[in-house]
Amino acid sequence: MSTQSMPILSPAPRAPSHLFYQTRLRRPLVDRAEGIYLWDQSGNRYIDGSSGAMVVNIGHGNRHVIETMKKQLDKVTFAYRLHFENEPAEDLARRISGYMPDGMDKVFFVSGGSEAVESCLKLARQYAIAIGEGSRWKVVSRFPSYHGSTLGALAVTGYAALADPFKPMMKEMPSIPAPTAYLDRDSLSMEERGLRYADTLEEAILAEGPDTVLAFIMEPIGGASTGALVAPDSYYGRIREICDRYGVLLIHDEVMSGAGRTGRFLGGDHWNCRPDLIALSKGFGSGYSPLGAMVAPTRMVQPVLDAGGFQHGYTYAGNPLACAAGGAVLDEMERLDLIGNAALMGELLKAELINLAKRFPFIGDVRGKGLLLAAEFVEDRATMRPLPKAKNAFQRVVDIAYDKGLIIYSRRTRGGIDGDHFLVCPPMIVTPDEIGEIAAILGDTLEQLAGELDLPVNG
Ligand SMILES: Cc1ncc(COP(=O)(O)O)c(C=O)c1O
């Protein structure tokens with residue numbers, strides 16, 4: 001396909017399905033995938049401009065990963081961890097520790113992001129009990145944010161549309177505003193705003209009673225719910241200081257921002273962060289196998305094990321096939337320097353998005369790091385007032401791009417209630433030519449969106 005967008009051929013009529021998902025939306029049946037592309041069964045090609053749900057970091061159809069998994073399939077695919085240890089899990093845990101901040105040397109495998117977050121919440125709680133601080137149970141989180149769909153992870157998620165129906169079933173947890181400094185129209189510098197947002201954590205801890213607060217959970221670089229939110233630099237260190245002051249554990253949810261996507265292995269590495277617990281998933285298994293992990297320091301794991309053990313676990317955790325896939329994904333990240341490429345290609349793509357913002361004044365902000373990038377729509381840049389909710393721009397932009405052969409990802413920006421943004425996060429193998437192709441289709445998409453929703457375009 002050239003840089004011209006190509007209309008998608010109508011898929012063949014389909015029989016009613018016995019499957020159901022979140023909505024009635026039907027999509028074509030996928031046929032195959034390679035590199036940054038997917039094909040449906042009618043032969044249409046799509047650029048995977050969101051790496052699925054920011055998952056397929058190393059791209060589709062990687063031969064080394066597939067061959068490694070085939071070899072593992074021939075040896076053993078599942079051996080329950082209470083019956084056997086396995087080498088792929090041992091190797092992967094050792095290698096992952098090498099990418100972590102000092103002292104983060106213990107790995108607990110899981111099969112996804114929600115499981116990784118649940119594990120962090122539970123280890124934090126058991127650690128507090130083990131060291132005689134059982135009064136601590138509250139986990140402060142940010143609004144908006146996303147930490148997963150299971151009830152524990154949802155209780156610390158700030159996205160009203162997802163959480164509201166389940167509120168009676170969850171323990172209410174305190175939250176503070178996410179550091180949306182780009183929206184502020186005060187006279188403070190970005191650095192001052194960063195400190196002010198961080199200080200809301202201290203206020204929340206004091207209001208709740210410091211001896212009841214267990215942990216603070218945050219995405220170092222935001223994901224779908226905020227549209228790749230990056231806090232001012234001053235925020236990160238101040239958060240650590242406040243957690244230390246009150247004995248509150250700091251949990252970094254790196255499920256989306258980790259595994260190299262932002263141009264460093266961890267999003268928090270951009271600020272040399274030292275969290276107490278880290279949740280990983282998505283790009284860690286890169287879509288080849290469900291895989292996630294909680295990473296913790298020995299100083300937290302030891303007291304829990306000494307006190308009788310960690311009362312938590314999942315059947316599929318640490319199985320040899322998933323861990324072999326994870327090891328092979330790391331091999332490819334290292335061999336092809338994909339983290340370096342994510343940093344470089346991220347710069348190119350961000351520059352393209354900034355160019356699009358010149359043409360389309362309804363883009364109010366472009367943000368993110370590496371290949372975790374987003375653009376937010378507004379009605380008025382001066383006030384950052386969102387587009388009218390009824391226009392549903394966040395859904396329409398995805399559908400228009402899809403019809404032109406580009407997959408992007410979107411959500412509402414303001415806590416799931418209001419606002420629109422889209423994320424563009426291609427696999428970390430993306431090339432400069434492919435970035436050009438993505439930008440051209442995005443330009444056509446935004447042109448059509450502007451026409452349909454009566455939004456301004458600069459000539
Ligand atoms: C930051 C973050 N945490 C947790 C999750 C939950 O991961 P999963 O959908 O694999 O359970 C996600 C998923 O999007 C995420 O972005």
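Just so you know, ligand 1 is whichever comes first in the structure, and atom 1 is the first atom listed for that ligand. The figures here come from the full heavy-atom set of this structure, side chains too, leaving out hydrogens, waters and symmetry mates. Small disclaimer: the values here were computed from a predicted structure and weren't measured. Along the sequence shown, the residues carry numbers beginning at 1.
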Below 4.0 Å from ligand 1: does a non-hydrogen atom of Glu254 turn up there or not?
no
Item to check | Non-hydrogen atom of Gly223 closer than 4.0 Å to ligand 1 | outcome: no
Are the ring centres of [X] and [Y] closer than 6.0 Å?
| X | Y | result |
| --- | --- | --- |
| His312 | Tyr314 | yes |
| Phe360 | Phe362 | yes |
| Tyr159 | Phe143 | no |

Among all protein non-hydrogen atoms, which one is nearest to [atom], and what is the separation to 0.1 Å?
| atom | answer |
| --- | --- |
| atom 16 (O) of ligand 1 | Met256 CE, 3.4 Å |
| atom 3 (N) of ligand 1 | Asp253 OD2, 2.7 Å |
| atom 9 (O) of ligand 1 | Ser114 OG, 4.3 Å |
| atom 13 (C) of ligand 1 | Lys282 CE, 3.1 Å |

Decide, yes or no, whether a salt bridge links [X] with [Y] under the criterion of side-chain N to carboxylate O below 4.0 Å.
| X | Y | value |
| --- | --- | --- |
| Glu203 | Arg196 | no |
| Asp244 | Arg240 | yes |
| Asp105 | Arg299 | no |

Note: Glu219, heavy atoms under 4.0 Å from ligand 1, region reported as side chain
- Query: Honestly, is Arg27 close enough over Tyr402, meaning NZ or CZ under 6.0 Å from the six-membered ring centre and within 45° of the axis?
  - Reply: yes
Is any N or O atom of [X], backbone or side chain, closer than 3.5 Å to an N or O atom of ligand 1?
| X | result |
| --- | --- |
| Glu115 | no |
| Ser281 | no |
| Gly113 | yes |

Output for pair (Glu115 CD, Phe108 CZ), nearest 0.5 Å, gives 9.0 Å
For Gly148, the atoms of ligand 1 under 4.0 Å from one of its heavy atoms are 4 (C), 6 (C)
